[in-house]
Amino acid sequence: MGGTFGTRCGLPAVLLCLAALLCANLLLYFYLDALYQDTNPLSAHTQCPLRHFKVGTMTTCTPWLQCPEIRAEVRHVKLIGQGAVKKVYLSEWRGQKVALSILSSEQYTDDFLHGLSMLRALQSAHVVTLVGACEEDGVFVTEYHPLGSALTLDATLVQDRYRWRNSCHTRLQLAIDYVAFLAYLHSSPVGIRVMCDSNDLHKTLSQFLLASDMRLLANDLDALPEVERGRRGVKCGHHELTGDFVAPEQLWPYGEDVQFSDEAMPGYDEKTDIWKIPDVTRFLLGNVLGSDVIHFHLFQIYTECKRKEPHMRPTALEVLSVYRSVYDSMIESQSQRVRDML
C-alpha cells in the first residue's frame with residue numbers, strides 16, 4: 001500500500017518538473033532567438049531625415065541645433081572629458097542629456113573643424129548622433145552616452161546591471177561594430193579615410209563610445225585624413241611612430257642611424273587600420289567563456305591582417321564578412337543546443 005501510494009504521489013511531481021523544464025527551455029530558446037536574430041538594429045540615424053536628430057526620450061525628429069538654440073537652450077552640467085582639441089561637458093537640452101564639445105585652444109581650430117565636418121558627413125549607424133553645432137563659437141553637441149568610451153568595457157560588464165551581457169556573443173558583436181565602422185570609413189561618402197588617432201590600443205579604444213545597449217559608436221573623428229589613390233598616401237602626425245601596435249609601414253624605414261624626417265617618411269593608406277584589428281578584437285573579446293573558441297575561428301583572418309605587405313592584407317569588408325560568419329555560426333550552434341534540449 002505504502003509503495004503504491006508513494007508511486008502515485010511521486011509521478012505527478014515528476015511530470016510537473018518535466019513540464020517546468022520544458023517551459024524553461026522554450027523560454028530560453030525564444031529569448032536567444034529574439035536577442036541574436038538581428039546584429040545590426042535600426043538606429044536613430046536611419047529613423048530621421050538628413051540633418052535631423054532624435055536622442056534620449058524624444059519621439060520625433062528635430063533639425064540640428066544652430067547657434068541661437070545652442071546658446072539659449074544648452075546648459076552645462078559638468079566636465080566629463082578633456083583633450084588637447086576639446087573639452088566635453090555633460091549638458092542638458094530640453095530635458096535631454098547631451099554632450100557639449102568646446103574647442104580647447106584656437107591653435108587646434110583646424111582639428112576641431114575637421115572633426116565636426118567628419119561628424120556631419122559620416123552620420124550613420126556607426127557614428128554618435130550629432131545634435132547641433134555652432135562653428136563661430138567653437139562648439140558642437142552630440143548624444144550623451146553615460147558609459148563613456150570603450151575603455152570602460154571590462155569595468156562596465158562586471159556591474160550587476162550588465163553582468164548578464166558579459167558573454168562572447170556581446171563581445172564579438174562589439175568587435176563586429178568596430179570592423180563595420182572601418183569598412184564604412186574605408187568607403188565613406190567623403191572618400192577613403194584612415195583612423196589616425198590609433199597609434200596605441202588605449203588611444204584607439206578612446207575614439208569609441210560604449211552605448212547602453214552594448215554597441216560601439218565612433219565618437220572622436222578629429223584625425224581622419226583622406227587617401228587619394230595615386231598620391232603619396234597619408235601620414236598620422238609629423239612625429240616618429242614606434243611600437244608593435246602600429247603597422248610596419250608606419251615605422252621609420254631607414255634605420256636608427258638615419259635621423260627621422262617627416263619629409264622623408266613615406267605615406268601609407270587604410271591598410272594600417274587592418275593591421276590593428278586583431279589587437280583591438282582581443283581586447284574586446286576579453287577572457288569570457290567561449291572567447292578562446294572565437295579566437296580559434298578568427299586565427300586565419302588575424303594572420304592575414306598581420307601580413308607585413310599592406311596590399312596583401314584583406315579589406316575591412318572582407319574581415320567583416322568573416323566576423324559575421326563566425327557570429328552567425330555561434331548563434332546557430334547555440335540555438336541548435338537549445339532545440340536539442342526540447
Side-chain angles (χ1 to χ4, degrees), residues 28 31-32 34-41 81 125-126 128 145-183 185 195 197-220 243-247 273-306 314 316 319-335 337-338:
L28 177 61
Y31 165 75
L32 287 170
L35 183 61
Y36 299 123
Q37 66 182 339
D38 188 358
T39 62
N40 191 20
H126 311 290
V128 68
H145 291 276
L147 296 181
S149 79
L151 290 166
T152 71
L153 177 62
D154 289 336
T156 296
L157 290 177
V158 298
Q159 298 176 22
D160 291 340
R161 180 178 179 182
Y162 296 104
R163 197 184 304 272
W164 68 279
R165 302 295 299 269
N166 192 16
S167 67
C168 57
H169 303 89
T170 296
R171 287 175 172 269
L172 180 54
Q173 179 59 62
L174 292 171
I176 289 173
D177 289 342
Y178 168 67
V179 178
F181 170 71
L182 293 183
L185 196 64
M195 278 196 74
D197 272 344
S198 59
N199 296 332
D200 58 62
L201 180 60
H202 185 280
K203 185 65 173 177
T204 302
L205 294 168
S206 71
Q207 308 302 297
F208 294 86
L209 291 174
L210 183 62
S212 297
D213 62 352
M214 291 298 119
R215 304 301 292 262
L216 277 191
L217 293 170
N219 177 58
D220 197 334
D244 296 331
F245 186 79
V246 297
D273 291 334
I274 306 301
W275 172 273
K276 301 162 187 174
I277 288 175
D279 300 284
V280 176
T281 301
R282 290 189 184 98
F283 171 85
L284 294 174
L285 285 178
N287 296 311
V288 297
L289 182 65
S291 62
D292 55 341
V293 177
I294 295 175
H295 287 307
F296 175 78
H297 288 298
L298 295 178
F299 178 80
Q300 182 59 41
I301 198 68
Y302 285 171
T303 302
E304 294 175 14
C305 288
K306 289 294 186 179
V319 178
L320 179 61
S321 177
V322 173
Y323 275 43
R324 283 178 170 162
S325 177
V326 171
Y327 186 95
D328 291 343
S329 296
M330 179 174 58
I331 299 308
E332 175 56 32
S333 176
Q334 178 70 63
S335 299
R337 284 196 295 271
V338 173

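The figures that follow rest on heavy atoms only: side chains count, while hydrogens, waters and symmetry mates do not.
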When you measure from the side chain of N219 to the backbone N and O of V128, does any donor-acceptor pair fall under 3.5 Å? no

Closest approach of S167 to V288 (non-hydrogen atoms, all atoms of both residues): C-CG2, 3.9 Å

Is there a donor-acceptor pair under 3.5 Å between the side chain of T303 and the backbone N or O of F299? yes

side-chain contact (heavy atoms from CB on, under 4.5 Å) assessment of L210 paired with H145: CA-CA 7 Å; L210 183 62; H145 291 276; over 6 Å; no

Go through the steps to decide whether T156 and R165 satisfy the test side-chain contact (heavy atoms from CB on, under 4.5 Å), and finish with yes or no. CA-CA 10 Å; T156 296; R165 302 295 299 269; over 6 Å; no

Does S325 reach the main-chain N or O of V322 with its side chain, forming a donor-acceptor pair under 3.5 Å? no

Nearest-0.5 Å distance, OG1 of residue T204 to NE2 of residue H202: 10.5 Å

Taking side chain to side chain donor-acceptor pair (under 3.5 Å) as the cut-off, I'd like each qualifying pair that reaches into residues 287-298, sequence neighbours left out, listed once. H295-Y302

Taking side chain to side chain contact (heavy atoms under 4.5 Å, CB included) as the criterion, tell me which of V293, I294, L289, L285 meets it with C168. I294

Answer yes or no: is there a donor N or O on one side and an acceptor on the other, between the side chain of T152 and the main chain of A155, under 3.5 Å? no

Identify the heavy atoms of K203 and D197 that sit nearest to each other, and give their distance. CG-O, 3.4 Å

Rounded distance [0.5 Å steps], OH in Y178 versus CE in M195: 6.0 Å

How long is the straight-line distance from CG of L216 back to CG of L174, given to the nearest 0.5 Å? 5.0 Å

Find out whether Q173 and M214 are in side-chain contact, i.e. whether some heavy atom of one side chain is under 4.5 Å from a heavy atom of the other. no

Validation row: S206, D220 side chains within 4.5 angstrom (heavy atoms): no

So do the side chains of R171 and L153 get within less than 4.5 Å of each other, counting heavy atoms only? yes

Min side-chain heavy-atom separation L320-I176 under 4.5 Å: yes

Any side-chain heavy atom of D177 within less than 4.5 Å of one from F208? no

Please set out all donor-acceptor pairs under 3.5 angstrom arising from side-chain atoms of residues 274-282, sequence neighbours excluded.
residue	atom	partner	partner atom	Å
W275	NE1	D244	O	3.3
W275	NE1	F245	O	3.3
W275	NE1	V246	O	3.3
K276	NZ	S198	O	3.0
K276	NZ	S198	OG	3.0
K276	NZ	Q250	OE1	3.3
D279	OD2	K306	NZ	2.5
T281	OG1	I277	O	2.8
T281	OG1	Y323	OH	2.7

Indicate the atoms forming the closest heavy-atom contact of F181 with A218, along with that distance. CE1-CB, 3.4 Å

How far apart are the C-alpha atoms of Y162 and N166, what are their side-chain angles, what is the distance that settles it, and do they pass the side-chain contact (heavy atoms from CB on, under 4.5 Å) test? CA-CA 7 Å; Y162 296 104; N166 192 16; over 6 Å; no

Output, in order, the C-alpha distance, side-chain angles, deciding distance and verdict of side-chain contact (heavy atoms from CB on, under 4.5 Å) for V179 and R324. CA-CA 10 Å; V179 178; R324 283 178 170 162; over 6 Å; no

